[in-house]
Novice: 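The following block contains the structure, expressed as structure tokens.
Quick note on labels: first sequence line is chain A, next is B, and so on, each numbered from 1. Since we're looking at a predicted model, the values are computed, not measured.
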Amino acid sequence: MPDKKASRPGGVREPGPLILVVDDFEDNREMYTQFLRFSGYRVAEAVDGVDAIAKAAALRPDLIVMDLSLPRMDGWEATRRLKKDPQTSHIPVVALTGHALAGHEEGARNAGCDSFVTKPCIPADLEAEVRRILAEKAGVRGGR
Amino acid sequence: MSSPAATARSAVGQAEARLGLAEFLLSCDDLQECARRSLEWLTEYAGARAAGCLLVDGEHGRLHLIASTGVGMPRDFWADLEDRTHPLVAAALGTAVVTFNDRRGDRRPSPLGRLPIVAQPMYARVGRESVPAGLLVVSPPSANPRLLSWVAGIVAPPIVRLSRSRLLTESDRRMRRERTLLDAVPDPILLTDPEGRVLIANSRAKALLVGAEGESEGRRRAVALNNMLFSSALAQSAMQEVGRRELLLVDPVEGSDLLFELLSTVAPDTREGTSLVSILRNISDLRRASEEIEENYRRLRIAEADVRAERDRLDLIIDSVADPILVTDAAGALVMMNTPAQRLFSVGPGSPPEHAVRVQANDAHFSAFVSNLLFAPEGERRRGEIGLVDPETGQSLPVEAVSGKIYSEHGEVTAIVTVLHDRTEEIERAHLYEELKKASALLEERVRQATSELVGQNELLRRQRIELEQASAAKSQFLANMSHEFRTPLNAILGYTSLLLQGVSGPMSAPQERNLGRVDSNARHLLAIINDILDISRIEAGKMPLHLSTFPLPALVQEVVAELEPLIERSKLSVRVDVGRKSPSLASDRAKVKQIVLNLVTNAIKFTPSGSVIVSARYDTDRKEVTIAVRDTGIGIKPEDQERVFEDFRQADNSPAREYGGAGLGLAICRRLAQMLEGRVELQSAVGQGSTFTLTLPVRLRRR
């Protein structure tokens, strides 16, 4: 949905791509949502893995920002399910984690994440990564 | 009564009668029987009606009647031969036949009263002499004088013989008794005349002084010598009145010397003349005895000396024995003790009274011990302990006593020998041994305790190690969790700050924006600290894996400088890179090498107020090492601080008011990362001269 502030950095024209932000920590979720909307995206929110799968299936977002540490169902498991589901498998997932420990990134990629961003990650950096992945996807698509 | 026929007949009868008488007298050995038979014959054949036979007894000096028939003489008639006036004596000593009171001629009165008698003297030959033997008296005087004379002649010899033999027998018996007496005396006894001739000698004297026929020459000489010696001694003793002198004679049989004491006494004898009685008392035995006594005494002395020497030696030996030795007699009285024993059982002069008391106590103990053995019928020895006391010190002195009985030849107990053995040392040793054992046991116990403590401590340490490991793991986990927990709010802080700074929430005034910038920079610093802590935790927890790849070094250095561009711009420093393009690619963990270099350059910029920072790289082909040096012209580091800067949470200036921010973990992380990459970080610096940090890495890190 085109925003009044669609001309802001990121410069996405309406209707902007739909981004599903999955994070159990409301402050972070709200922060990314604010900035992504500020940057012209449409944003949906989910609070855990189960919620994320449901929203993804229902809304078919263009991209999912997935925090890996989630209640009920963690980000890896949710990503694995999404990627297994042909309805959602095409949706790129940008993994977001505060765990910089080894294995997280690899685990995330094995689960099917398309990108991996370590917290802390300022909203602008996340929006840059989201844009890069969408462009990549569009390029691949466009290439076809 | 004598007719021719009768005469003829009597002539024949006479001859036979004479032969019969003669034969009888030859075989008769009884004086009176001879006399009586002769008188009977005279009565029968010579016409005698009465007759008597008298004997001349020279021994007694008497003429006495032997036998008679009808003459009326008393049976024990005798006349002194000295009395020559006595008609019968005169007749007997005369040679002629004397007729008494014969009516026909001689009218000499008959010594036998009125009875006319004829006296026929009898003579007998003694040697060559014809000595008066007796007298035959016959009545009537008319009796045949021829037959009377014949009877006198035939009866005289047996009468003399028999009378003498009778006398001899008597005197002989006496003599023999005397001789036996004399001979029984072991000492020689002699009777000598004044000239020294031996009259009587007893057997012992004879053996010495009277030679016997058929003796050996040696014996004769010995006897001769003895006689000479005896005579000379006798002569000398005669001069001395009563002689008492020693006389040395020779034993003719043995040849040995015999010493006598000569006792001579003059024995006056009116008939025989003075003679000398000598008694020789054999004193050779006495001398020998005395010599023997002397010899024995001498031997005794020698033996005594020997015994004394032996005893001295024994004493010396006994005294040299360190153990007390005591000898008691059968009554239990102390006989002897050696010096060590004296110390215990005798009181020296001038000793204090308590010594005597202790010695008495010792004595009592000892006596009790010994009497136990003494009055035990069985048992040769006894062994036991006696609690004695040292008389001088009063210290208790336990001894082991061994007592043994000593027997005489007759099997009686003569002595008891007791040896005491001081057991103090032994007991002391035993005590020490006990102590030692206790100490050893104590030690063992302590060792055991220590060991168990050690085991316990080891166990504790093991547990502690496990706990530490768990704690370390927990710490690492905690730190990892915490860093996540830190990052989440920090993410919000940084995110919202950036939202505000980017004007997402509307425009801000300049002071707002400046202050918010400070929030942002402090939040970023906090983030850097958290990242450093996380790195250290990961390295320590071994959760920092190596990701090996091959990459060129210059690009890496350029990347670092590019990342630090904002910082460099702010610092106004000249930052140069001097890395040869031809340097080889590194095979290592790119991210870690970059982190190290980044850290070093950041530090250099941070601690250099002005001047330059030069990053250079060199390749050592020999050692196959690459060195990346970061040289600054900064404040430098004091030598004593140059090692400390590599320690965790350290800065050279550790004061709270330190000028430069940072957790102080950068160099510690660098050094650890370099070690992971088998390299090292070194520092050369001088205060005010700047510092040079050098990272040396192997060109090819082998995968482990």
Novice: Filter on salt bridge (Lys or Arg N to Asp or Glu O under 4.0 Å), then keep only pairs touching residues 47-56 of chain A, sequence neighbours left out; what's left?
Specialist: Asp48(A)-Arg72(A), Asp51(A)-Lys55(A)

Novice: From Gln502(B) CD over to Phe38(A) CZ, what is the distance, rounded to the nearest 0.5 angstrom?
Specialist: 7.0 Å

Novice: For Ser505(B), is it the side chain, the backbone, both, or neither that has a heavy atom closer than 4.5 Å to a heavy atom of chain A?
Specialist: side chain

Novice: Inspect the surroundings of CD in Glu563(B) and state if more than 12 heavy atoms from other residues, nucleotides or ligands are less than 6.0 Å away.
Specialist: yes

Novice: What distance do Leu494(B) atom CG and Lys119(A) atom NZ have between them, rounded to the nearest 0.5 Å?
Specialist: 12.5 Å

Novice: Applying salt bridge (charged side-chain N to carboxylate O under 4.0 Å, His left out), name anything that partners Glu625(B), two or more places apart in sequence or on another chain.
Specialist: Arg623(B), Arg680(B)

Novice: So, taking the atom named CG in Asn491(B) and the one named OG1 in Thr118(A), what distance separates them when rounded to the nearest 0.5 Å?
Specialist: 10.5 Å

Novice: Among Leu126(A), Ile122(A), Asp125(A), single out the residue with the greatest number of heavy-atom pairs under 4.5 Å to chain B.
Specialist: Ile122(A)

Novice: If we count only N and O atoms by modelled type, under 3.5 Å, do the side chains of Tyr496(B) and Asn28(A) hold a donor and an acceptor together?
Specialist: no

Novice: Please report the closest heavy-atom contact between Gly495(B) and Pro123(A), naming both atoms and the distance.
Specialist: CA-CD, 3.3 Å

Novice: Quick one: what part of Leu527(B) sits under 4.5 Å from any heavy atom of chain A, side chain, backbone, both or neither?
Specialist: side chain

